[in-house]
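Here the structure is laid out as structure tokens; the discussion comes afterwards.
Just so it is clear, the structure is predicted and the values come from calculations on it, not from any experiment. Lettering of chains follows the sequences in order, A, B, ..., and the numbering in each one begins at 1.
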Number of protein chains: 4
Amino acid sequence: MTPTTVPTQKGRPRSAKAQQATLQATIELLLDRGLHSMTVDDVAVRAGVSKATIYRWWPSKELLALDALATEWAVATPSAERDMGNLRRDLLARVRPWLRQLNEKPYGRIIAELLAEAQSDAAFAALYQDRFVKPRREATRPLFQRAIDRGELAADTDIELALDLLYGTIYHRLLHGHAPLTERFAQQVIDAVISANSTGQNDEQAEISSQR
Amino acid sequence: MTPTTVPTQKGRPRSAKAQQATLQATIELLLDRGLHSMTVDDVAVRAGVSKATIYRWWPSKELLALDALATEWAVATPSAERDMGNLRRDLLARVRPWLRQLNEKPYGRIIAELLAEAQSDAAFAALYQDRFVKPRREATRPLFQRAIDRGELAADTDIELALDLLYGTIYHRLLHGHAPLTERFAQQVIDAVISANSTGQNDEQAEISSQR
Amino acid sequence: MTPTTVPTQKGRPRSAKAQQATLQATIELLLDRGLHSMTVDDVAVRAGVSKATIYRWWPSKELLALDALATEWAVATPSAERDMGNLRRDLLARVRPWLRQLNEKPYGRIIAELLAEAQSDAAFAALYQDRFVKPRREATRPLFQRAIDRGELAADTDIELALDLLYGTIYHRLLHGHAPLTERFAQQVIDAVISANSTGQNDEQAEISSQR
Amino acid sequence: MTPTTVPTQKGRPRSAKAQQATLQATIELLLDRGLHSMTVDDVAVRAGVSKATIYRWWPSKELLALDALATEWAVATPSAERDMGNLRRDLLARVRPWLRQLNEKPYGRIIAELLAEAQSDAAFAALYQDRFVKPRREATRPLFQRAIDRGELAADTDIELALDLLYGTIYHRLLHGHAPLTERFAQQVIDAVISANSTGQNDEQAEISSQR
DNA sequence: TCCTAACCGAGACGGTACGTCGCGTCTTAGG
DNA sequence: CCTAAGACGCGACGTACCGTCTCGGTTAGGA
């Protein structure tokens, strides 16, 4: 009987059901009303869970929301990724499902509210980065590297800047809502990012982008 | 002159001092603690103004914050603008003072919180657009048009997209804070936006941008 | 030119019209909503008078109310009083018009609210006594004295107690509202007060009181 | 036993300590400053209780005050009551402890303020009746009935009127404060009420009342 | 006749308390 | 030990009303 390890835990085990119900109720309420208007009591009632249980698993409403959104998106995101042959297609394949998601439900509001929270809470900000920012950038970075290797992009291309251009522009429309996140918009942004660092070998882009 | 306006106002006039003190106290507290942690009572105390007076003129804490930031920025913003000869210089002249401001004080946090508020309040969103988004875009749009007229940019350049690329990327770093808003960053973004729509007549850019 | 006295006052004289309109508006609002629910702004608007003017004449809402009620009652109260021959008739003649007034409009509420105010403000209490309590007692005291002189009441009758019995009982019903202030009630109270101090010479009372 | 009541209550039970501390703090502040000057925040601080908790159990400051006074008086009131042999002694035994209480602390002010509140709020008035008026009248009524049965009072004595005379006179002095609530006063009022309905069989009264 | 000082209506202001709301913690009984 | 139920402390919100204060404009009496 080693005292450090606890092979058999006493008492009632944690309810996975309660956790799932909480996250589900949270994302529903977030989409319905936003983080600010959602109350933890609401979540508890809708999930059929006690408030104390919620706080046993998540330290604050904001972190619950973050977790709920991350879970929601993790489920639907296909991790598999294959080489489409050129950067334009790679980026479109990468960005398209996300944009589709963003257009389906009002996730933008949640993102904005998480972002606001992150401004005053460094720990939260770090978590936000880990769950929402870094994964996307890390998944996209190789696409650019591949394009450089292929000779599509200049060797001195600043990949970080390219990522900022790509995602910054998308976030801009998402958060400010002054224009929609259309398929055409996605193509235009991607074309712009590519042509800003182009070596001139990828003529295909202009043609496709002018289709629609 | 105009018959609709009443030249002689009845009653005690609104205290300009109270208004200014309120806005000043608000922006100070916003920069110090952010919108969420700022209390209207705090503002009242610091401004030497009663809470009732604050609510007489601003319907909510959020609208007060919006007004305070708009006022703060309106003061320091030079409206005069002259043709620098080429788009790159024009855009740099336009964007540089703002970036300098953003680097001086933590305005990003306030922007993020206003943006969050705008997500759930259409009226607030409209006001936010009017005070922060539209002016900047409208002031920048002619610069692009001039560049088209000069032949620097292609005639079919999508100016709205160019604006999104420019401001979106800046906002992205401002809000996510994953990288600083340096002078070099500004130049890179501008170069990228230009080269994405370039006609090839403006060789100057690459040289200057590679200086530093 | 005596500096202490101001024989001829310069400037615009006070507006008697404003004063009257204020008192009138006040009593109307008092009867309609009571002192607590009446606001000074309401009075000002209804009287067509500025709030500053109201506070130039009356130091507080409560004192305005007190003045308004006193004025209302002073107008309708006949000061003439004649000997009716016996105490019973004297008291009835004295009390009847007041009871009639109390039944016509909800003055009881105002009285209760003034009384409440008087509990915590000695100066107000003194004024309340002077305007509402003392006059009535002083006008009633001689009636009892006359009855003693006539031999209707015992020589050692405690007039103050008699006054308390008479007015206390009326006030009780007025303020607690557990029973109405009927004519019959008035007769019964008066009969009780008299018979408590009776010498046995005033047989008339029982008969009349038993009429109805 | 009763199927309607739930034997096992769910959740954290209401804190009896918080309830008692609130009522205690309230009555102290009421006696110290009166209802108007008492603040709910003050009560919360003194009771070591949050304001929200106070409003969770009492809908308004006024109802809290009513409850606090009723509780204060309920504690000190002996419900046991025995036949003293004649009405005079019965009434004195009934009234004396209350008058003693009224003379000890400034309850009159509170009563006046509750009474004022009752004027504009029917529900409050009903509650006031139930807690302060009815119990006392109902406890006193049998004493009069007993006296009628004994032959001390006339068979056609109007008990309600007698109650009004007794309590009305006491309330009058309590609220108007023009004279003190002495033992002698109590005796005089009681004697007056009795002699107003006397059959002439109770000679004892005059003697005792003239003792002091 | 015109000057001027006290008045007036309008309405903004500082202050104080109200009653409400939501977060995150706690205390029960029960599984 | 975990859970549901729900009471609790804390702190901020936005509202209401009081009594005070500035305005521009009005109205007599004295020069």
When we call it a touch if two heavy atoms are under 4.0 Å apart, what does [X] touch: a base, just sugar-phosphate, or nothing?
X	result
A:Lys51	base
B:Trp57	sugar-phosphate
B:Ala44	nothing
D:Ala52	base

Straight-line distance of A:Asp42 CG to A:Arg46 CZ, nearest 0.5 Å
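Nearest 0.5 Å value for the CG-CZ distance: 8.5 Å.
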Check C:Leu66, C:Thr26, C:Leu23 against C:Trp58 for a side-chain contact (heavy atoms from CB on, under 4.5 Å) and give me the one that passes.
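With C:Trp58 as partner, C:Leu66, C:Thr26, C:Leu23 yield a single side-chain contact (heavy atoms from CB on, under 4.5 Å), made by C:Leu23.
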Of A:Glu62 and C:Thr53, whose nearest nucleotide on DNA chain E comes first from the 5' end?
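The 5'-side residue here is C:Thr53.
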Selected nucleotide, minimal atom distance to [X] side chain, candidates [options]:
X	options	answer
D:Arg12	F:dG19, E:dC26, E:dG9	E:dC26
B:Lys10	E:dA10, F:dG19, F:dC13	E:dA10
D:Thr39	F:dC13, E:dA17, F:dC8	E:dA17

Using whole Å, what does the distance between atom [atom2] of nucleotide [N] and atom [atom1] of [X] come to?
X	N	atom1	atom2	answer
C:Leu35	F:dC18	CG	P	9 Å
D:Leu64	E:dC18	CG	P	11 Å
D:His36	E:dC18	NE2	P	10 Å

If you pin D:Arg14 and B:Ser60 to their nearest nucleotides in DNA chain F, which one's is more 5'?
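Closest to the 5' end, via its nearest nucleotide, is D:Arg14.
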Closest-nucleotide 5' rank along DNA chain F - winner of A:Gly48 and C:Tyr55
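Checking each residue's closest nucleotide, the 5'-ward one belongs to A:Gly48.
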Run A:Ile27 and A:Leu69 through side chain to side chain contact (heavy atoms under 4.5 Å, CB included) and show every step you take.
CA-CA 6 Å; A:Ile27 193 68; A:Leu69 183 59; 4.0 Å; yes
C:Trp57 vs C:Leu64 side-chain heavy atoms within contact, under 4.5 Å
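No; the side chains remain at least 4.5 Å from each other.
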